[in-house]
Amino acid sequence: MEELQMLLENFWILRDDRENFNKIRDAENKIKPFVEEKLGYRLIINPYIIKLEKVPSDVEEWMGIDAFQMPMDYAFLCLLLAFLEDKGPEDQFVLSNITEYIEAQYDGPDKVDWTLFQHRKSLVRVLNFAVDIGIIKIDDGDHERFSESEDTEVLYENTGISRYFLRSFNREITEDMKIEDFLQEDLNLSNSKDAVIQRRHRAYRKLILSPSVYSEGPDDQDFMYIKNYRNTIAKDLEEYLDAKLHLHKTSAFVLFNDNKYLRSYFPDKNKNISDIMLQASKIIRQMIEDGKLAYNPDDTIDITEAEFINIILKVKERFSDGWYKSYREMSEKQLIEEVIENMESFKMIKRVEELHSIKILPMAAKLIGEYPPDFEKGEGADE
């Protein structure tokens with residue numbers, strides 16, 4: 001169901017996107033039973049926005065706002081949302097109104113200093129994000145120039161939808177709340193405090209939002225739910241998301257068919273790093289078949305960091321003729337760090353820093369990639 005795929009891929013759908021807005025609104029009765037009963041999510045539909053509140057089952061490294069680079073970015077976003085609370089739709093304001101408000105309200109470890117490039121750049125990232133998702137509009141000016149000079153001025157307009165950005169809670173948010181408290185609070189809000197229903201919601205959320213779901217042992221109730229209800233889950237995934245459930249002894253995956261609405265997925269055919277990760281998986285699987293790597297009982301493989309680095313270097317030696325120029329000419333140190341970081345993000349490996357080792361997870365051998373035998377190097381090919 002493409003309407004549900006759009007909701008999963010986007011933070012929200014605004015009424016300005018009239019075609020998709022109407023398409024989803026017309027499909028509300030088909031979408032709601034799945035998102036409410038299986039995922040425990042709230043689907044908000046009003047004249048301004050359509051939003052599926054996608055709360056994860058577990059917090060993972062890749063989650064967050066891609067463009068943000070430091071905690072200060074998130075603090076500035078919260079202060080911008082607070083600033084907009086006092087503004088009505090179509091109210092105008094200038095950049096200096098925002099900087100003055102943030103400077104007065106910021107309660108971080110360091111005082112905000114707009115003479116510092118790092119602080120100005122942090123605010124620019126937040127303003128770009130705010131414009132991208134539609135909570136403010138630029139009427140005149142360019143806030144990118146604020147990175148170069150604190151004297152830059154920009155005229156903005158409040159769209160009025162910032163009030164729908166944050167979720168509602170039934171309790172006061174205090175400084176001692178942990179991430180787990182927020183996740184449990186959402187499960188408590190999702191229809192029932194019944195343990196069986198909450199387990200169903202957690203299992204479906206893990207499958208749909210994570211690249212892979214791994215069993216945490218014989219007492220892992222969520223994985224046991226997936227195994228016990230695999231036929232029902234497989235039917236739901238096929239009917240609502242045109243996707244297939246692949247269930248193994250210690251892992252589960254949801255494989256989506258290619259479609260135009262999916263953007264954050266693996267492998268991403270528009271990113272060369274996806275190719276390189278698949279090629280690393282090819283080498284890993286070959287080493288398993290040759291008896292050079294041995295499985296643990298939980299289907300993981302432990303190797304040293306040095307051994308894993310050798311795998312990456314083998315990938316470079318064997319496949320780099322087909323890579324983009326930026327990867328062909330990248331330093332070995334940078335290439336190794338980027339491959340490890342991305343494979344860890346997609347739950348293909350896990351660094352064990354205290355042992356200087358790498359745990360290879362089942363996802364790393366699930367999908368592999370290599371060039372066809374008649375592949376010819378594309379000289380000069382780049383992004």
Test side chain to side chain contact (heavy atoms under 4.5 Å, CB included) applied to [X] - qualifying residues, sequence neighbours left out:
X	answer
Glu338	Ile273, Tyr327, Met330, Asn342
Ile49	Trp12, Leu14, Asn46, Lys51, Ile161, Tyr164
Ser147	Phe117, Lys121, Val124, Glu144

Whether over 12 other heavy atoms sit under 6.0 Å from [X] [atom1]:
X	atom1	answer
Tyr106	OH	yes
Phe253	CZ	yes
Arg145	CZ	no
Glu289	CD	yes
Glu216	CD	no
Gln118	CD	no
Tyr295	OH	no
Asp132	CG	yes

Is the shortest heavy-atom distance from the side chain of [X] to the side chain of [Y] under 4.5 Å?
X	Y	value
Arg328	Leu335	no
Glu103	Glu100	no
Leu123	Leu95	yes
Lys32	Glu37	no
Phe308	Met343	yes

When rounded to the nearest 0.5 angstrom, what is the spacing between [atom1] in [X] and [atom2] in [Y]?
X	Y	atom1	atom2	value
Ser281	Lys366	OG	NZ	12.0 Å
Ile358	Leu355	CD1	CG	11.0 Å
Ile136	Leu80	CD1	CG	5.5 Å
Gln92	Asp139	CD	CG	4.5 Å
Phe256	Leu237	CZ	CG	7.0 Å
Ser212	Leu207	OG	CG	10.0 Å

Consider salt bridge (charged side-chain N to carboxylate O under 4.0 Å, His left out). Of Lys206, Lys347, Arg202, which one does Asp58 pass it with?
Lys206
Glu329 vs Trp323, test: side-chain hydrogen bond (donor to acceptor under 3.5 Å, both in side chains). Steps then yes/no.
CA-CA 10 Å; Glu329 297 182 353; Trp323 295 356; over 6 Å; no
Does a side chain donor of either [X] or [Y] reach within less than 3.5 Å of an acceptor in the other side chain?
X	Y	result
Asn128	His143	yes
Asp299	Thr250	yes
Asn158	Asp91	no
Asp290	Gln286	yes

Once salt bridge (charged side-chain N to carboxylate O under 4.0 Å, His left out) is applied, what residue pairs with a partner in residues 148-160 remain, sequence neighbours excluded?
none
Residue pairs fulfilling salt bridge (charged side-chain N to carboxylate O under 4.0 Å, His left out) with at least one residue in residues 70-87, sequence neighbours excluded:
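Of all non-adjacent pairs touching residues 70-87, those that pass salt bridge (charged side-chain N to carboxylate O under 4.0 Å, His left out) are Asp73-Arg125.
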Verify same cluster id: [X], [Y] (apolar side-chain graph, 4.5 Å):
X	Y	value
Leu43	Leu39	yes
Tyr41	Val196	no
Leu127	Met70	yes
Leu52	Met1	yes
Phe129	Leu81	yes

Less than 4.0 angstrom from a charged side-chain N to a carboxylate O is my criterion; do [X] and [Y] meet it?
X	Y	value
Glu337	Arg351	yes
Lys235	Glu239	yes
Lys282	Glu370	yes

Please step through side chain to side chain contact (heavy atoms under 4.5 Å, CB included) for the pair Met72 and His119, ending with a clear verdict.
CA-CA 8 Å; Met72 181 177 271; His119 292 188; 3.5 Å; yes
CA sep, side-chain torsions, deciding dist, call: Glu53, Arg42, salt bridge (Lys or Arg N to Asp or Glu O under 4.0 Å)
CA-CA 6 Å; Glu53 296 198 320; Arg42 283 186 295 171; 2.7 Å; yes
Less than 6.0 Å separating the ring centroids of Phe76 and Trp114?
yes
Decide if the gap between the ring center of Tyr214 and the ring center of Phe223 is smaller than 6.0 angstrom.
no
Does the pair Lys23 and Glu2 meet the rule for a salt bridge (Lys or Arg N to Asp or Glu O under 4.0 Å), with working shown?
CA-CA 9 Å; Lys23 192 182 290 184; Glu2 62 182 24; 3.1 Å; yes
Is it true that a side-chain atom of Ser320 and a backbone atom of Glu317 form a donor plus acceptor pair closer than 3.5 Å?
no
Run the salt bridge (charged side-chain N to carboxylate O under 4.0 Å, His left out) test against Glu238 and tell me which residues pass, sequence neighbours left out.
Lys244
For the pair His246 and His248, evaluate side chain to side chain contact (heavy atoms under 4.5 Å, CB included) and give the outcome as yes or no after the intermediate values.
CA-CA 7 Å; His246 283 215; His248 304 281; 4.2 Å; yes
